[in-house]
Structure formats: structure tokens, C-alpha cells
Student: 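After the C-alpha cells below, expect a handful of questions from me.
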Protein chains: 2
Amino acid sequence: MKISTKGRYALRLMLDLAINNTGEYIPIKRIAERQEISEKYLEQIITQISRAGFVRSVRGSQGGYQLANPPEAYTVGMILRLMEGELSPVACLDEPGSCDRADRCVTVDIWRQIKDAVENVVDNITLADLVKSYHEKGNCEYFI
Amino acid sequence: MKISTKGRYALRLMLDLAINNTGEYIPIKRIAERQEISEKYLEQIITQISRAGFVRSVRGSQGGYQLANPPEAYTVGMILRLMEGELSPVACLDEPGSCDRADRCVTVDIWRQIKDAVENVVDNITLADLVKSYHEKGNCEYFI
DNA sequence: AGCTAATCATATCGAAATGATATGATTTAA
DNA sequence: TTAAATCATATCATTTCGATATGATTAGCT
Ligand code: FES
Ligand code: FES
């Protein structure tokens, strides 16, 4: 029941962009420094994020990334799902027909409830909430 | 964010014992047949369960396992935790001091909320609930 | 006494996932 | 032209996962 580092890194990356959301394009290198995450690994991650249209990118010198939308537009759930896929405790919930006896299954209700509970949390927290929390906690450069 | 098959198998195993909770000792072989799970794999799993005192065992011919307590005494959470460890989305919540900046961390609140939400589900469903649901659904021999 | 069915205890294995590097092409401002 | 950046794959080492293999021990039954 763990969230992968990829998911967590993606969240930190997006939060970093949200905190530094000045209109300028921020290179991955800066984020890698601030977050102490491998630059190359972050590149892979932001590639996925970029393909999903969550960020704008400018190539070449002086290039970088910025949020495509205001921080309020991104829930934690959106970001985690991008890296992790559906936030289900079992595959059955997402692949229709993967369990052929779903109508008689006793445990699927549990998995459904877990999924709903998790989604209820992550879909109701936005990057804007995290930015606010960040400033309240004392402007520390680092977070996990 | 997946629950391992070990956790799910443990739940099915315990549910099988709960459904066949007649006072007799049930050999792993029977459960393996009914649940269509490898006998040897189930042995490993029930060894852990047995060491935790959740079941009584009798060795030798005519031996087997039975629940140590009535089905009401077992929550889904107890069983999953036995196989999965703590139901936390990040290790940080369980290993005190693993993150040295926890007081300034912006995301730890999210992980905490997720953990609480999951626990609120699994700690409020008992094997007795599942047995009831099983009988309501039509006595199917199989479930996942 | 001996056979058989069961638990108990480890060791090992293959495949997949994870987390990360490595290499290099392409683009663009200065 | 050069440097700094995104973009695109390939590769790698380690761990985890799910499962099997081997064999010792225990105890009921004939
Ligand atoms: S978990 Fe899929 S039908 Fe039971
Ligand atoms: S997740 Fe542990 S302190 Fe942030």
C-alpha cells in the first residue's frame, strides 16, 4: 500500500512549480537542486507530466517549465494518478471483467470502499492548498 | 497503492476458516482447493497468521487449523496489517525520525489523511461481516 | 510398529517492478 | 557558435513479489 517515489516526486515537482509560479520558465535543474532529486530522474517524470498537458515547456537555452494552469486547478489525485495509475488497492476495480465472479465477491466491497476513501482525500486537496500550507509552515525550501 | 496478493490471500484464508468455523480443524489442503490457491503458498501465509496467534493448529494426521477467536474478533485491518505491515502510503509515518523535517513537511498531512481513511475502512469490517455478506450473496464457494 | 497426512521450517527461483543512470539528439537564447 | 535546456530511449542494479522445492517433525490410524 505504498505510493511510489515517482508519485511523490511528481507531487514535489508540481508543488515546486506552484510555489515558484511567477510566470517565468523554470529549468529542471533548479527543481532538482531545491528538491535534492536526481535531475535525470525528474526529467523522466516531467516528461509524463508534460505529455498530459499539466505544464508548458520551452526548449533551448533559458527554457524550462511552468504550470499550464493556476495551482487551484491541480488536485493531488490528478498528479498521483498520472504516475501511479488508478488509486485502487486491487486491479479488479479498474479492469472491467478481470474478475468474472464480481457479483458474488465478498471482498470487492472492501476494495471499493478503500479506493473511495483514498480518492476522497486526494481529490480534495489542490496544489493551492499545499502552497498555502507551505507558507504557513515557514518557507522551508524542502519538503517530501 | 496495491494490496499484495499475500494480503488478499490471507483474508480469503481467514474468511474460509470463518465460514467453516464448526469447531473442527481444517487442513490447508482443503482451503487451497476451495480458494484455488497454491497449497505451499498458503502454508507460508498461515504460518505468519499462526505465529500471531490468530489461529490454533494441530499437527499430524487429521490436523489442521481453526480460528482462535470468533469471527467478530478479527477486523480486515488486523489481517492485512499482519501481511503488509502498516497501511501507510509512505514509510515516514511509521518510522519515527525517518524524515528529519517532518514539522515543515507539506505533504505528510496528505499521507496521514490517506492512512487514516484506509484504516477507518478496514478496521470497521470484521470477518463476521464478510461471512454475513457471503451468505447473502448466495453461498458461492469462491471469492477474491 | 509402520504408514500416512498433516504442520513446520527454510531455501531457492524467475519475473516484474522500482529507482536510477547513461547516452545522445534536438532546440534556442545569447 | 556555443551553452543550456528539453526531448527520447536504452540500460542497469536492486528489491520485491509470487511461487515452488525440499525436507524435517508430529500424530492419528490400521
Ligand atoms: S476482487 Fe474482483 S471480484 Fe472479488
Ligand atoms: S513525508 Fe515524511 S516528513 Fe514529509
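Each chain gets a letter, A, B and so on, in the order its sequence line appears, and its residues count up from 1.
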Student: Minimum heavy-atom separation for A/Thr126 to A/Pro71, with atom names?
Tutor: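 For A/Thr126 versus A/Pro71, the nearest heavy atoms are CB-O, 4.0 Å.
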
Student: Less than 4.0 angstrom between a side-chain N/O of A/Thr5 and OP1 or OP2 of C/dG19, yes or no?
Tutor: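 Indeed, a polar side-chain atom of A/Thr5 lies that close.
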
Student: Report the distance from atom CD1 of B/Ile37 to atom C1' of D/dG18, rounded to the nearest whole Å.
Tutor: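 Rounded to the whole Å, the gap is 12 Å.
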
Student: Both A/Ser4 and B/Arg30 contact DNA chain C. Which one's nearest nucleotide lies toward the 5' end?
Tutor: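 Closest to the 5' end, via its nearest nucleotide, is B/Arg30.
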
Student: Send over the distance from B/Tyr41 OH to C/dT10 P, rounded to a whole Å.
Tutor: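 Rounded to the whole Å, the gap is 19 Å.
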
Student: Where is the tightest heavy-atom contact between A/Lys2 and B/Ser88, given as atom of each residue plus distance?
Tutor: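 Taking every non-hydrogen atom into account, NZ-O, 3.0 Å.
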
Student: With hydrogens left out and only the distance checked, is there a donor-acceptor pair under 3.5 Å joining B/Lys40's side chain and the base of D/dT22?
Tutor: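 Per atom types, the contact qualifies.
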
Student: Charged N to carboxylate O below 4.0 Å: is that the case for A/Lys29 and A/Glu33?
Tutor: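 Answer for the salt bridge query: no.
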
Student: Any donor-acceptor pair under 3.5 Å joining the side chain of B/Gln62 to the base of D/dC29?
Tutor: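 Per atom types, no contact qualifies.
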
Student: Establish whether the base of D/dT6 is bridged to the side chain of A/Arg59 by a donor-acceptor pair shorter than 3.5 Å.
Tutor: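 It does, because a donor-acceptor pair links the side chain of A/Arg59 to the base of D/dT6 below 3.5 Å.
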
Student: Using the side-chain heavy atoms of A/Ile28, tell me which of these nucleotides is nearest: C/dT21, C/dC8, D/dT6.
Tutor: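 Output: D/dT6.
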
Student: Is there a donor-acceptor contact under 3.5 Å linking the side chains of A/Gln66 and A/Asn21?
Tutor: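 A/Asn21 and A/Gln66 do not have a side-chain donor-acceptor pair below 3.5 Å.
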
Student: Would you say C/dT7 has OP1 or OP2 under 4.0 Å from some side-chain N or O of B/Ser50?
Tutor: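 Indeed not, no polar side-chain atom of B/Ser50 lies that close.
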
Student: Has B/Ser57 got a side-chain N or O lying under 4.0 Å from the OP1 or OP2 atom of C/dA6?
Tutor: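 Negative; the distance criterion is not met.
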
Student: Rounded to the Å, how far apart are A/Leu42 CG and C/dT21 P?
Tutor: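 Rounding to the nearest Å, CG of A/Leu42 and P of C/dT21 are 11 Å apart.
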
Student: Kindly determine whether B/Tyr25 and B/Tyr65 satisfy ring-ring contact (aromatic ring centres under 6.0 Å, His included), including the steps that lead there.
Tutor: CA-CA 5 Å; B/Tyr25 283 86; B/Tyr65 298 92; 8.5 Å; no

Student: Whole-Å distance between C/dA6 C1' and B/Tyr65 OH?
Tutor: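 About 9 Å, once rounded to whole Å.
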
Student: I want to check one thing: is the phosphate of C/dT7, taken as OP1 and OP2, less than 4.0 Å away from some side-chain N or O of B/Tyr25?
Tutor: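 Checking C/dT7 against B/Tyr25, no side-chain N or O comes under 4.0 Å of OP1 or OP2.
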
Student: Just report the end-to-end axis angle for the helix from C/dA1-D/dT30 to C/dA30-D/dT1, five pairs per end, to 10 degrees.
Tutor: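 Inter-axis angle at the termini of the helix from C/dA1-D/dT30 to C/dA30-D/dT1: 0°.
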
Student: Can you tell me how far C1' of D/dG18 sits from NZ of B/Lys2, to the nearest Å?
Tutor: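 In whole Å, D/dG18 C1' and B/Lys2 NZ are 16 Å from each other.
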
Student: Between atom CD in B/Glu43 and atom P in C/dA6, what is the gap in whole Å?
Tutor: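 So the CD-P distance, B/Glu43 to C/dA6, works out to 11 Å.
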
Student: Under 4.0 Å: is that the gap between some side-chain N or O of A/Arg51 and OP1 or OP2 of D/dC7?
Tutor: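 No, no such contact exists.
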
Student: Is the closest basic N to carboxylate O distance between B/Lys115 and B/Glu86 below 4.0 Å?
Tutor: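 Salt bridge between B/Lys115 and B/Glu86, a charged N being under 4.0 Å from a carboxylate O: yes.
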
Student: For A/Ile110 versus B/Val121, what's the shortest heavy-atom pair and its separation?
Tutor: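 Here A/Ile110 and B/Val121 meet closest at O-CG1, 4.2 Å.
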
Student: Whole angstroms only, please: what is the CZ-P distance between B/Arg56 and C/dT7?
Tutor: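 In whole Å, C/dT7 P and B/Arg56 CZ are 15 Å from each other.
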
Student: Closest heavy-atom contact between A/Met14 and A/Leu127?
Tutor: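 Residues A/Met14 and A/Leu127, closest heavy atoms: O-CD1, 3.7 Å.
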
Student: Calculate the interatomic distance between A/Ile46 atom CD1 and D/dA8 atom P; express it in whole Å.
Tutor: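 Rounded to whole Å, this separation is 13 Å.
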
Student: Compare the minimum distances between each of D/dA27, D/dT6, D/dA19 and the side chain of B/Ser61, then state the nucleotide with the smallest one.
Tutor: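 It is D/dA27.
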
Student: Kindly indicate whether the side chain of A/Gln44 and the base of C/dT21 share any N or O donor-acceptor pair separated by less than 3.5 Å?
Tutor: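 Checked by distance alone, the answer is yes.
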
